[in-house]
K.L.:
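I am attaching a structure below and will ask some questions about it afterwards.
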Protein chains: 2
Amino acid sequence: MPTSKDVAAAAGVSQSTVSYVMSGKRPISEKTRLRVEAAIEQLTYQPNAGARALASRKSQVIGLVLPITPEAHLGSLMEFIAVIAATARRHDHDILLVTDEEGSQGLERVVGQQLCDGLILMQVEAEDERIPVVRKLRVPAVFIGIPDDSAGLNCIDADFARAGELCVEEMAAAAHTSGVIIGWRPRLVGSRLNYVGRFLGGADAAAQRLGVSLSHVPATSDRGSIEAAVDACIAGMEGKPAFVSPDMTVLELLPRILRERGLEPGKDASVIGMGPAPQALIELQESTVLDLQPRLVSQRAVEILFSLMQADNPDPGGLLELIPPLVTHRHGTAEPPVPVPQSTR
Amino acid sequence: MPTSKDVAAAAGVSQSTVSYVMSGKRPISEKTRLRVEAAIEQLTYQPNAGARALASRKSQVIGLVLPITPEAHLGSLMEFIAVIAATARRHDHDILLVTDEEGSQGLERVVGQQLCDGLILMQVEAEDERIPVVRKLRVPAVFIGIPDDSAGLNCIDADFARAGELCVEEMAAAAHTSGVIIGWRPRLVGSRLNYVGRFLGGADAAAQRLGVSLSHVPATSDRGSIEAAVDACIAGMEGKPAFVSPDMTVLELLPRILRERGLEPGKDASVIGMGPAPQALIELQESTVLDLQPRLVSQRAVEILFSLMQADNPDPGGLLELIPPLVTHRHGTAEPPVPVPQSTR
DNA sequence: TTGAAAGCGTTACCAC
DNA sequence: GTGGTAACGCTTTCAA
């Protein structure tokens, strides 16, 4: 493997000149720049990442912290990861995977070893054990998800309150006067993931405003529990039932569960919900679906992280950004997308 | 951040002793070892990854190369990634994500910059453009998927031929005398992913052996195309139809498509197939499903890579390993798992 | 506009 | 058993 020394020799310049040609951190005469670039090309030189990190104290790597919990919707996770990786590359950074297999020790490790310059944490919970760790580490970090105590942290997420509202609005627009919100998983009920609460809040407010009645029926992620919840709803409702869910897993199962009970979704019952995986939308044609815009959320997460990393400011105040969902697919109609991000605080 | 120099000072030893205590590469007296370990603990010392990589010429990182093609089943991909990351950590290595956004240039980059010591490539195609690149780079690499020309490469995959056989055997056991294999996507038809061909080969052989008739109907990943294929099958078949597919996307859609046509899967029609995402199995209760054992495949991939990296042998012959699938879920019965990996060549 | 040289924090060889 | 020290390949200050 050629080194910058080799390049310097080949171009007849000093090693520092090679470095400056690559970084552009100081003016170089056209003439020598061309010579150096030619040598680089010729030798197919690539700087050694370790040496560069050592000297510059920057690894050009960002750590992506994933919770591999059984209740995660893997397809959605992957969606985020892909966008994050692509965006990072566009900023000339790479992604190091940090699974929470090692728990928050993994965080201390990757930061302690200076393997990465910043962190993105996914699926952040209401009271996330990773939060005190990150606070202590004083490393640039962005949280995807809104913890209960987000003071001083940089958080971004889909706006679930707005999503709840939108779902109920869709419900009302489809002439339902009552509906049921169904489905989140057992470990989430204890407000572990507070997006559920945010969703309910928005939905309830809209229900009150629009004069529709709304009930909540919890379910776990296994099929039996969802079936039981559906049966309870059907029994207790009058008219065409409407099912609303903020949970991708529930949404994926709902249509077939309804069909098994002789209800044709979209005709005998409405299914309204939202999920972060656009790919899954093709499977939910009978439903009205909001796009949680995972691409936007993850892209912004990366961009916020970069602004933090550049500022190099130890404590930049904290930021809370909510991305409004989009009605992407409305059962039985052509879909009119209406983008517009927004941020607060 | 404390350095090994600080540790040395605190423990009253030389820096090299600290290094040797950490690596265990030379005998250290009990006494000094304890002192050094105490100092490490005390200062919460962690070695700097960049410096370590520079000096040892090993980054302790493995590059995971993902194809983010639209036709990938993201949930399955994620499944693999999680296992690979966990296994790598168990060997004291980290995972760097290499999306093929940059194409095979990304490979040249991560290897050239010496960001990683080895590569795992996922979703390897029959004629994969990454193969000549990896060959040239002469870096330890494991392919998940079997390319047409696998000579000298280290490949591992699920045994799709066996899977095809098993599916047909399941079909015959359910008293079908004819069935149809349905669904792979347009870009895959051109033998891009040859697992389809392997699956068909196995299925055909079994069909011949068991005296059942079998036809192939291609479909794309969009719902309309699968529906058309199903309709064609229903029209042309006599008796209870059996649908077999090696494609997770198709399997997920099949049950509801059948129901829309008044066929209750498992009763009026059989759905038999296999997919790499165990999570999805809960959604496929009406089907007979083989587990492609993504956990086993990815675990072995990592282990093979480590043996290559240790050998440090530039050209270790090549290896082809096929993991037999497992009948995990048989419609309407309790499932008797029958494990046993195997390898060839 | 360019070069020389001092680090950056490890590892590993050579002495003792 | 242990310590000194020369790499490792880059960045960046200081001089010119």
K.L.:
T3(B) side chain: which of dT10(C), dG3(D), dT2(C) is closest?
P.N.:
dT10(C)
K.L.:
Checking side-chain contact (heavy atoms from CB on, under 4.5 Å) for the pair V134(B)/L121(B): CA distance, chi angles, key distance, verdict?
P.N.:
CA-CA 10 Å; V134(B) 174; L121(B) 296 96; 4.0 Å; yes
K.L.:
Between K25(B) and L54(B), which residue's closest nucleotide on DNA chain C lies nearer the 5′ terminus?
P.N.:
L54(B)
K.L.:
Identify whether any heavy atom of T32(B) sits under 4.0 Å from a base atom; if not, whether one sits that close to sugar-phosphate; answer base, sugar-phosphate or nothing.
P.N.:
sugar-phosphate
K.L.:
Can you tell me how the ring of F306(B) sits relative to the ring of H93(B), calling it parallel under 30°, perpendicular over 60° and tilted otherwise?
P.N.:
perpendicular
K.L.:
Hey, are T17(A) and S14(A) close enough side-chain-wise for a donor-acceptor pair under 3.5 Å?
P.N.:
yes
K.L.:
Categorize V18(A) for me: base, sugar-phosphate, or nothing, with a 4.0 angstrom heavy-atom threshold over every strand shown.
P.N.:
nothing
K.L.:
Give me the one residue out of L119(B), D128(B), L107(B) that meets side-chain contact (heavy atoms from CB on, under 4.5 Å) with V133(B).
P.N.:
L107(B)
K.L.:
Is S16(A) touching bases, backbone alone, or none of the nucleic acid, heavy atoms closer than 4.0 Å?
P.N.:
base
K.L.:
Just checking S19(A): base, sugar-phosphate only, or nothing, at a heavy-atom cut-off of under 4.0 Å?
P.N.:
base
K.L.:
Tell me what Q113(B) touches on the nucleic acid: a base, only sugar-phosphate, or nothing, going by heavy atoms under 4.0 Å.
P.N.:
nothing
K.L.:
Nearest to the side chain of N48(B) - dG3(C), dC10(D), dT10(C)?
P.N.:
dT10(C)
K.L.:
Quickly work out the R52(B) CZ to dG9(C) P distance and round it to whole Å.
P.N.:
15 Å
K.L.:
Looking only at the side chain of P47(B) (C-beta and beyond, no hydrogens), which of the listed nucleotides dG9(D), dT10(C), dG3(C) gets closest?
P.N.:
dT10(C)
K.L.:
Rounded to whole angstrom units, what separation is found between the OH atom of Y45(A) and the C1' atom of dT11(D)?
P.N.:
11 Å
K.L.:
Taking the side chain of Y20(B) as heavy atoms from C-beta outward, which of dC13(C), dG3(D), dT11(D) is closest to it?
P.N.:
dC13(C)
K.L.:
Measuring from the side chain of P27(A) (C-beta onward, heavy atoms only), which nucleotide among dT1(C), dC10(D), dG4(D) has the closest atom?
P.N.:
dT1(C)
K.L.:
What's the closest nucleotide to the A55(A) side chain, out of dT11(C), dG9(D), dC14(D)?
P.N.:
dG9(D)
K.L.:
Could you tell me whether R26(B) contacts a base, only the sugar-phosphate backbone, or nothing, with contacts defined as non-hydrogen atoms closer than 4.0 Å?
P.N.:
base
